[in-house]
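Atoms within a ligand are numbered from 1 in the order they appear, just like the ligands themselves.
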Amino acid sequence: MTSSCLTPPAPPASWSRLPGGFVLHRFDRVGSTNDEASRLARAGAPTGTVVVAREQSKGRGRLGRQWYSPPGNLYASIVIRPECPLAATSGLSLLAGVALGEALTALGPKGLDLGLKWPNDVLIGGAKTAGILLESTAGEAGRTAFVIIGAGVNIRRAPGDTPYPVTSLAAAGFGDLAPLDLLETYTARLAHWLDRWQREGFADVRDAWRARAQGIGERVRLRLDRDEIVGLFVDLTEGGALVIEQADGRRREVAAGDVIYPGP
Ligand code: BTN
């Protein structure tokens, strides 16, 4: 990934407690904050535009799944306009996970057992607490028009019908955390990591992600679009793809899929 992917941030926000460069658009109820952010981006909204809603009627997760979106949780989508090829933006999902993980560590109880699961889950005690949905839109000649970084955090409520363990910040001992307080800390950490990515490239983001990663060195099952593979989760590539070593020793690099721990 190149080290000069970002345009300078927008001028400081006229309102909000968000760090300079972020401008907040608050909604009571939307279909999806990612859709609202895309709409604003298509109308010319700059890097740092943030859409937050109290609830979503059509919250989306990865791979076309629904995202449970009642009031009380955080639903936030941020417009970024990186000046780099579209392919170089995929690591922003890991970058956002690192930023969100740091925000939760800063705001949560001491000794919080926080982990990151490739590519976009934030776990507490091994249970999913937050997810990131990165949606990139192509510009001309393979460049990037804009990227939407959507984040959903189960602050007060977690869904009850998932095939994997889930939890909420309330259940994890965070007390009564307001969504906007979490957004403030998250955007501050995001600004830090976006700046670092811009100046130094992806290597530091990758190291920070690895330091909190769940499952490196373990056997995993990986659900792909039409396929499923099992193997050892060896590492991340320089761009943030997963490296899996299969039983016959072959290594595969996977850019998108669903990791299931532990593998058979
Ligand atoms: C996942 O884990 O599958 C990703 C979930 C991302 C959910 C967030 S909530 C805010 C933004 N708006 C959406 O519709 N989705 C993302």
Side-chain angles (χ1 to χ4, degrees), residues 18 22 24-42 45 49-80 89-101 103-104 114-124 126-137 146-159 161-169 177 179-180 182-183 186-187 190 209 213-215 222-225 240 242 255-261:
L18 300 187
F22 291 97
L24 187 60
H25 296 247
R26 287 168 78 176
F27 293 86
D28 192 41
R29 181 182 163 92
V30 295
S32 155
T33 53
N34 266 34
D35 291 345
E36 282 304 319
S38 285
R39 191 179 56 74
L40 289 169
R42 274 193 294 274
T49 300
V50 182
V51 172
V52 70
R54 207 173 63 87
E55 63 181 312
Q56 301 183 114
S57 57
K58 287 191 183 140
R60 289 200 303 279
R62 284 176 61 244
L63 310 172
R65 297 187 190 121
Q66 282 185 349
W67 184 257
Y68 177 72
S69 304
N73 294 343
L74 175 67
Y75 314 107
S77 300
I78 302 178
V79 178
I80 305 287
T89 61
S90 58
L92 283 171
S93 178
L94 302 189
L95 185 153
V98 168
L100 191 51
L104 294 177
L114 186 128
L116 300 176
K117 177 171 176 270
W118 190 88
N120 71 330
D121 292 354
V122 181
L123 312 177
I124 294 179
K128 180 160 177 167
T129 314
I132 310 282
L133 180 65
L134 189 87
E135 295 181 324
S136 302
T137 296
F146 59 85
V147 177
I148 306 297
I149 303 175
V153 185
N154 301 333
I155 296 184
R156 293 198 185 121
R157 293 162 70 183
D161 53 352
T162 54
Y164 46 81
V166 291
T167 192
S168 66
L169 300 187
L177 180 63
L180 284 182
L182 173 55
L183 183 66
Y186 166 52
T187 46
L190 196 65
W209 192 90
Q214 184 185 307
L222 191 60
R223 206 173 283 149
L224 308 176
D225 226 8
L242 200 70
D258 241 359
V259 173
I260 301 155
Y261 304 112

I need the [X] [atom1] to [Y] [atom2] distance, nearest 0.5 Å.
X: L95; Y: L190; atom1: CG; atom2: CG; answer: 6.0 Å
X: Q214; Y: L116; atom1: CD; atom2: CG; answer: 9.5 Å
X: S57; Y: R29; atom1: OG; atom2: CZ; answer: 4.5 Å

For this session: Test S136 against T89 for side chain to side chain donor-acceptor pair (under 3.5 Å), laying out the working first.
Result: CA-CA 7 Å; S136 302; T89 61; 3.1 Å; yes
Problem set entry | Beyond-backbone contact of L180 with L24, side-chain heavy atoms, under 4.5 angstrom |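 A side-chain contact exists here, since the closest heavy-atom pair is under 4.5 Å.
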Exercise. Would you say N154 and L169 make side-chain contact, with heavy atoms under 4.5 Å?
Worked result: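 SC-SC contact between N154 and L169 ruled out.
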Just jot down the ligand 1 atoms closer than 4.0 angstrom to any heavy atom of [X], in number order.
X: G59; value: 14 (O)
X: G61; value: 1 (C), 3 (O), 4 (C), 5 (C)
X: D121; value: 2 (O)
X: I132; value: 4 (C)
X: L133; value: 6 (C), 15 (N)

Exercise. So, R60 and D35, do they make that salt bridge, N to O below 4.0 Å?
Worked result: yes
Please write down residue, atom name and distance for the protein heavy atom closest to [atom].
atom: atom 12 (N) of ligand 1; answer: Q56 OE1, 2.9 Å
atom: atom 8 (C) of ligand 1; answer: G152 N, 3.6 Å
atom: atom 2 (O) of ligand 1; answer: K128 NZ, 2.5 Å
atom: atom 3 (O) of ligand 1; answer: R62 N, 2.7 Å

For this session: Going by heavy-atom distance to atom 15 (N) of ligand 1, choose the closest among Q66, K58, R60.
Result: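 It is R60 whose heavy atom sits nearest to atom 15 (N) of ligand 1.
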Exercise. Which option, N120, V122, T33, owns the non-hydrogen atom nearest atom 1 (C) of ligand 1?
Worked result: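 Looking at heavy atoms only, the winner is N120.
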Problem set entry | Partners passing side-chain hydrogen bond (donor to acceptor under 3.5 Å, both in side chains) against T49 (at least two apart in sequence or in another chain) |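 Listed in chain order: nothing, the list is empty.
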For this session: Could you see which bit of R65 sits under 4.0 Å from ligand 1, with heavy atoms only: side chain, backbone, both or neither?
Result: neither
For this session: With heavy atoms under 4.0 Å as the rule, classify the contact between A151 and ligand 1 as side chain, backbone, both or neither.
Result: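 Contact part for A151 vs ligand 1: backbone (N, CA, C, O).
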For this session: State whether the side chain of S77 and the backbone N or O of N34 hold a donor-acceptor pair below 3.5 Å, judged by distance alone.
Result: yes
Exercise. Which salt bridge (Lys or Arg N to Asp or Glu O under 4.0 Å) pairs, counting each pair once, include a residue from residues 66-80, with sequence neighbours left out?
Worked result: none
Exercise. Does W67 reach ligand 1 with a nitrogen or oxygen that is under 3.5 Å from one of the ligand's nitrogen or oxygen atoms?
Worked result: no
Exercise. Does Y75, backbone or side chain, put an N or O under 3.5 Å from an N or O of ligand 1?
Worked result: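 No: no nitrogen or oxygen of Y75 is under 3.5 Å from one in ligand 1.
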